[in-house]
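These notes concern the structure reproduced below.
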Amino acid sequence: MCGAAKFLSLLQGCNSMDRLRKIHAQVLLQGYHGHPAVSAKLLSFCATSTAGDLAYARLLFSGLLCPATDHWNALIRGSSRGPAPLDALSLYNAMMRGASSRPDAFTFSFLLKACALAKAEPKCREAHASIVRSGFSSHVIVGTNLVRAYADNGSIDEARRVFDEIPDKDLVAWNSMISCFCHAGLHDDALKVYDRMRHSGLALDDFTVVGLLSSCAHLGALGFGVRIHKFAEENGFLRRNVFVGNALIDMYAKCGRLDEARSVFDGMRRRDNFTWNSMIVGLGIHGHADEAISLFQRMLMAGVRPNSISFLGLLMACSHHGLVENGIKYFHRMGSAYSIKPDLKHYGCMVDMYGRAGKLDEALEFIHSSPFKDDPVLWRMLLSTSRIHGSVEMGEIAIQNLIEMSAHNAGDCVLLSDIYEHARDSQGVARMRKMVKDQGIKTTPGWSWIEIHGEVRKFVVGDTSHAESEEIYKKLEEMISRAASLGYATERSADWLKNFVDSTTDYHSEMLAIALGLLRTPKGTSLLIVKNLRVCKDCHSLTKYASRIYDREIVVRDRVRFHHFKEGICSCNDYW
DNA sequence: CTAGGGTTAG
């Protein structure tokens, strides 16, 4: 074997820097350091191998008289994955200043990886301009990377524009766009991409399926999810690929179908920690504490190591079910047995758990002893559990802390006002009203979704933008009058704010969604509503009546939990 | 083996 071939073969099998240094020494000794393929191989190992050494790569690079594109690429790639991704951009600029080599598609791919990681949107624009100048704007892989880079920098609209302009989009490009929309929370858009994909004649693969299922889960688009389930099963994705099963479990759980989630879980041949966690979290948000705990134990028996999400699921389950002792036990065990540091969400579950169980003093003490006592989240949690138990005193403590950190919002004022109202303290109610008015505190716009015949329909308060609006309002009036004859009284407790702000008497979004569901789905079909806020007392009560009057199961996914309404009763026992 | 895509929590 002649020299260069020998070195290339040696480098092929190289797996450590020690070994590499020895090979390098031989290369120098025998005068092969100027050989382009040998130096590229040396460089690429140092710059990009996990066992490599970026500093050594730079050293090798600086010894090159006339670095070729491949050399630059190796170094740019290595830098983009290192601790300082922006170095990749400086290298790129240096490359452009020199005349010895031009960038290729690989160069831009690595450069864009760096832009995505560096969270530097202006750098994306710079790279974008270079790509256009160098004539790579139609390259599908470069384009896909650019989409990702913009999306990871929060410029989803720019990502969308770049994507639309890729002339020959392949499967990876489409899948990438779907996952970018998912990450940006634009789940509607993710599902719309699917329609465009079908028209383009491309077959979906398991990546597509996973992305779409995630968006279905977020939207509560059960019908869409079921279709994808069928498709995944028919194409063998579900058997072959653990990601697909995991995404299905999550989709079914988030769409209120724990039974289906469970059956997917039971049918999986291989399970990873996502599988277990998705199931545990699913049980948690539905408040099935005993099952969540026993599943957690099975997970341990199966030798799968729990992580912070496993514990989050467990704690949610405990808090929704009042298992305070268990919750405390798991909260401590996650640190002592698994060295997992509880984060804000875990602390939130604990405050919620103490609070729901009526242990408001413990909740307060817990917040004070936590590392997150300066975060509004925990105080807001204390406030909302104070409402459950009608504690004026604790509610005032909570809002005072929120005010001190200038974090109080309209929702907080509504909560405290509810507490005052329950305590028949009309002055308190008036004070809250005044506070909102004087300080111009903004309300979070509420919305609800329902999926009808595979289409996600979104409603806001008093929405009249739908083609069926007239019908919807008629149906609601009918519902209310029938409910009234059965004893429903409009308490309108949380409505004062809405009336006050909008000067309207419009219906809340979930009731509009429910009315449309009743109108457009066959008798006996259960309805799933997804909301971004909590259900108000009035809607909760009306929905109970609706489930009875129309003999429908109505599932409402709240910001934090599920309400299963059936025959006039809600699974939360009016305790949320 | 020089490139681009995936799930839970937030």
Side-chain angles (χ1 to χ4, degrees), chain A residues 11-15 40-41 43-45 47-50 68-78 80-81 103-113 116 136 139-149 151 163 166 169-183 185 190 193 204-218 232 237 241-251 253-254 261 264-265 271-285 306-316 340 342-346 348-349 377:
Chain A
L11 284 162
Q12 195 70 43
C14 176
N15 57 12
K41 196 85 196 157
L43 191 58
S44 119
F45 179 88
T48 65
S49 161
T50 45
T69 300
D70 285 355
H71 297 117
W72 285 104
N73 286 355
L75 208 54
I76 290 174
R77 183 185 186 201
S80 76
R81 302 192 305 195
D104 61 10
F106 292 100
T107 318
F108 289 116
S109 291
F110 303 140
L111 188 63
L112 289 166
K113 174 70 102 191
F136 283 94
H139 193 288
V140 65
I141 297 179
V142 173
T144 304
N145 272 309
L146 188 54
V147 168
R148 166 76 49 187
F163 175 76
I166 298 175
K169 303 178 194 39
D170 62 10
L171 190 53
V172 177
W174 286 104
N175 289 345
S176 185
M177 191 68 249
I178 291 176
S179 97
C180 288
F181 281 138
C182 283
H183 284 135
V193 170
L204 317 193
D205 69 359
D206 38 359
F207 283 79
T208 327
V209 159
V210 169
L212 293 175
L213 284 172
S214 168
S215 285
C216 289
H218 284 278
F237 297 158
N241 189 332
V242 68
F243 282 76
V244 174
N246 296 348
L248 273 171
I249 291 170
D250 179 54
M251 184 277 291
K254 296 248 173 69
V264 172
F265 179 88
R271 302 189 181 108
D272 62 11
N273 56 349
F274 276 74
T275 320
W276 292 94
N277 286 348
S278 296
M279 198 62 230
I280 292 171
V281 169
L283 291 163
I285 55 182
N307 64 14
S308 91
I309 296 164
S310 323
F311 283 99
L312 203 55
L314 269 183
L315 293 178
M316 285 194 291
I340 301 167
D343 63 27
L344 179 58
K345 296 295 290 177
H346 299 93
C349 281
V377 167

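By convention in this document, chain letters (A, B, ...) are assigned in the order of the sequence lines, proteins followed by strands, and residues within each chain are numbered from 1. We use all heavy atoms of the structure for the numbers below, so side chains are in, but hydrogens, waters and symmetry mates are not.
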**Message:** So, taking the atom named SG in A/C14 and the one named NZ in A/K41, what distance separates them when rounded to the nearest 0.5 Å?
**Reply:** 10.0 Å

**Asked** Using a cut-off of 4.0 Å on non-hydrogen atoms, how would the nucleic acid contact of A/D272 be classed: base, sugar-phosphate, or nothing?
**Response** nothing

**Request:** To the nearest Å, give me how far apart NE2 (A/H183) and C1' (B/dA9) are.
**Result:** 12 Å

**Atom-to-atom span, CG of A/N15 to P of B/dC1 - whole angstrom** = 16 Å

**Asked** Should the ring pair A/F108 and A/F136 be called parallel, tilted or perpendicular, given that the plane angle runs from 0 to 90° and is split at 30 and 60?
**Response** tilted

**Message:** On the side chain of A/D343, is there an atom forming a donor-acceptor pair with the base of B/dG10 - under 3.5 Å, no angle test?
**Reply:** no

**Prompt:** OP1, OP2 of B/dG10 versus side-chain N and O of A/K345: anything below 4.0 Å?
**Reply:** yes

**Message:** Taking side chain to side chain donor-acceptor pair (under 3.5 Å) as the definition, give me every residue that meets it alongside A/S215, ordered by chain and number, with sequence neighbours left out.
**Reply:** A/H187

**Request:** Quick one: label A/K254 by what it contacts on the DNA or RNA (base, sugar-phosphate, nothing), any heavy atom closer than 4.0 Å.
**Result:** sugar-phosphate

**Message:** I need the CD1-P distance between A/I178 and B/dT7, as an integer number of Å.
**Reply:** 12 Å

**Asked** Would you say A/K113 reaches B/dG4's phosphate, i.e. side-chain N/O to OP1/OP2 under 4.0 Å?
**Response** yes

**Prompt:** Looking for any heavy atom pair under 4.0 Å, which part of the strands does A/A173 touch: base, sugar-phosphate only, or nothing?
**Reply:** base

**Message:** Once you apply a heavy-atom cut-off of 4.0 Å, does A/L171 come out as touching a base, just sugar-phosphate, or nothing?
**Reply:** base

**Asked** Tell me: CG of A/L204 to P of B/dG6, nearest whole Å?
**Response** 16 Å

**Prompt:** What nucleic acid atoms does A/F110 come within less than 4.0 Å of, heavy atoms only: base, sugar-phosphate, or nothing?
**Reply:** base

**Asked** Reckon A/H346 touches a base, only the sugar-phosphate, or nothing at all at heavy-atom distances under 4.0 Å?
**Response** nothing

**Fill in**
Residue set satisfying ring-ring contact (aromatic ring centres under 6.0 Å, His included) with A/F110, at least two apart, ordered chain then number -> none

**Prompt:** Rounded to whole angstrom units, what separation is found between the CG atom of A/L11 and the C1' atom of B/dT2?
**Reply:** 15 Å

**Request:** Would you classify A/N145 as touching base, sugar-phosphate or nothing, given that sugar-phosphate means primed atoms plus P, OP1 and OP2, and contacts are heavy atoms under 4.0 Å?
**Result:** sugar-phosphate

**Asked** Does A/T208 put a side-chain nitrogen or oxygen below 4.0 Å from OP1 or OP2 of B/dG6?
**Response** no

